[in-house]
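The structure under discussion appears below in the form of structure tokens.
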Amino acid sequence: MKPPMIEIHGLHQSYGRTPVLRGVDLTVRHGEIFALLGPNGAGKTTCVNILTTLLRPDAGTVTVAGADVVREAGTVRRRIALTGQYASVDEFSTGAENLRMMADLAHLPRRAVRHRATELLARFGLTDAAQRKVATYSGGMRRRLDLAISLVGDPDVLVLDEPTTGLDPASRSQLWEVVRGLAADGTTVLLTTQYLEEADRLADTIAVLADGRVAALGSAAELKALVSGEHVRVTFDDARSLAAARDVALAGLAGLDAAETDHRSLALTFPSTEPVRTIRDVLDRTDAGGLAVSGVSVVRPTLDDVFLALTQHPAQPVQPVQPVQETAR
Amino acid sequence: MTVQTPAAPAAPPPSTRRSPDRSTRRSAPLRDVATMSRREARRSIRSVDGIITAFALPVMIMVVFVVIFGGAISGGTGDYIDYVVPGVLVMCLGMNSATAATAVAQDMTSGTIDRFKTLPIFSPSALWGHVVASVVRNLASAVLVVAVALALGFRPDAGPAGWLGFVAFATFAIVTFTWVSAVLGLVMSVDSSQSVTMIFLFVPYLSSGFVPVETMPDWLHGFAENQPFTPIIETVRGLLTGNLETSTLLAACAWLTGFLAVSLVAGSLLYRRRRAR
């Protein structure tokens, strides 16, 4: 098995007296798509800046393919490419000029510069726009050019800082396709995002960053398992039925101790390990008690639940989160 | 009813192998500076503002001073033109270099700077690109301004050595002015960076460039005689008229060297720390 592509140990960073990263440890495997998920201010961009040699960490070590980002910054820069939050393309240049410039800066052999630019323009569907100034490009086209530019030097690691912020849904899913294709080719991708769907759909491994720490780590499925599993939600026609069901008819049903009563929508929600069987029990018992049930459903946790549980109510006793063991794929 | 689906560009086909065009050379500082210089040249040439600032404005200033003010200032355009051309030239070199401040500030506010800093390139090459492009643009502009001055009746006494000295000294001044501007661009916003032009537009007025210092009010003498633009303009004047005083040249070179050294150090340090806002 190949050694990890990125290793982060005990990373600390403060801006003045404000701590931004308070001990981050992460490992990114070769060829995986790794998502750093977190709300604004969680420290995602700070991680990216340290990883891409833009910022020296206060404490801790970061290595990319074994090279230290501080002591061997030059080696790291040859292996990574950054696509930042702002599209960093020259508006006054054409798409082709932007790519040729980056090919020159990547020190490609001179005869290869034009060829590489043409190839990447074709690959990202920008051949028709190649001779137009970037100022005339749409947001999605700029992002694609931005990504194409990152790939000029054929990086081993691609770092994407909020790659789809501000894109429309079509451009977004298109970009996801591109990123998947790159990973399939063997490029390791580390991306930051505040979109749960993006992490869910794209990433092999997700680290939830909150208050400068890794609050949870694992695949999307593993993270979802962290918030207490599936729930059964029963809604009633009226408040009296709800109260009667909770206190009498359903009393003693597994999970009911932990039930949450929503008086507005007249719903009772409680955890269940066997939701189908629970639903059958609920219907049997409410029928027997003559109670009016208007609906029954199984509620599955989404990454939103994980995200909210981990980032919004740190005081609330969410399960003390242990990093989920990575499963070999 | 026909439903028109937007023609979504096809998702790029994943390439199946690594490109054979991986970078070969570890470092290539000259190539990096050349690439960055071409980038800046492109920005200058494609910006209407840039063209106006670089070429139209200097010519207009020259015409204003010679044709409009010249008569009133000296009672006749003949002598004044020989006096004022060096002042106008230096002012134009400064203003023209000052556009680097805005260009640098723009790079700082877009993500461009972050990308450049994560590349395995000679790191100050982005700033040197501004300097090289500025030297080329400024010298071209200077040629135009001198041509207009000659057409208006400017008759310098300089021989080939004087002109050569002028080109060398002007290049030195442009490099310095551009570095100062680039450093200011590193610390200023795009909007405020445009005021750098005003420094180069107004400070020369308070020198011996346009009217002799003796004609100014007493309280200005101290500043006008000792500010850097006075020896710089006097050096240009000396080179073009053929009677350059060594002390003036030394004073000008000392000022320029000092500003250049400070800007080089400050620029390199700031650039290393600076990230996109």
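Each chain gets a letter, A, B and so on, in the order its sequence line appears, and its residues count up from 1.
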Measure A:Asp128 against the heavy atoms of chain B and call it side chain, backbone, both or neither at under 4.5 Å.
-> neither
Kindly determine whether A:Leu105 and B:Met36 satisfy side chain to side chain contact (heavy atoms under 4.5 Å, CB included), including the steps that lead there.
-> CA-CA 9 Å; A:Leu105 292 176; B:Met36 292 296 192; 3.8 Å; yes
What part of A:Glu91 gets closer than 4.5 Å to chain B, counting heavy atoms only: side chain, backbone, both or neither?
-> neither
With sequence neighbours left out, what residues match B:Val167 under side chain to side chain contact (heavy atoms under 4.5 Å, CB included)?
-> B:Thr171
Is the shortest distance from a Lys or Arg side-chain nitrogen in A:Asp90 or B:Arg42 to a carboxylate oxygen in the other one below 4.0 Å?
-> no
Tell me, please, which residues at least two apart from A:Glu197 pass side-chain hydrogen bond (donor to acceptor under 3.5 Å, both in side chains).
-> A:Arg201
What part of A:Met141 lies closer than 4.5 angstrom to a heavy atom of chain B: side chain, backbone, both or neither?
-> neither
Check whether any side-chain N or O of B:Arg39 sits under 3.5 Å from a backbone N or O of A:Asn98 as a donor-acceptor pair, and report yes or no.
-> no
Pick one of side chain, backbone, both or neither for A:Ala73, based on which atoms fall under 4.5 Å of a heavy atom in chain B.
-> neither
Counting only N and O atoms by type, is there a donor-acceptor contact under 3.5 Å from the side chain of B:Arg46 to the main-chain atoms of A:Phe92?
-> yes
Heavy-atom proximity to chain B below 4.5 Å, by part of A:Ser173 | neither
Could you verify whether a donor N or O on one side chain and an acceptor N or O on the other, from A:Ser93 and B:Arg43, lie under 3.5 Å apart?
-> no
Heavy-atom pair count under 4.5 Å with chain B, highest-scoring of A:Gly140, A:Ser171, A:Ser88, A:Ala81 | A:Ser88
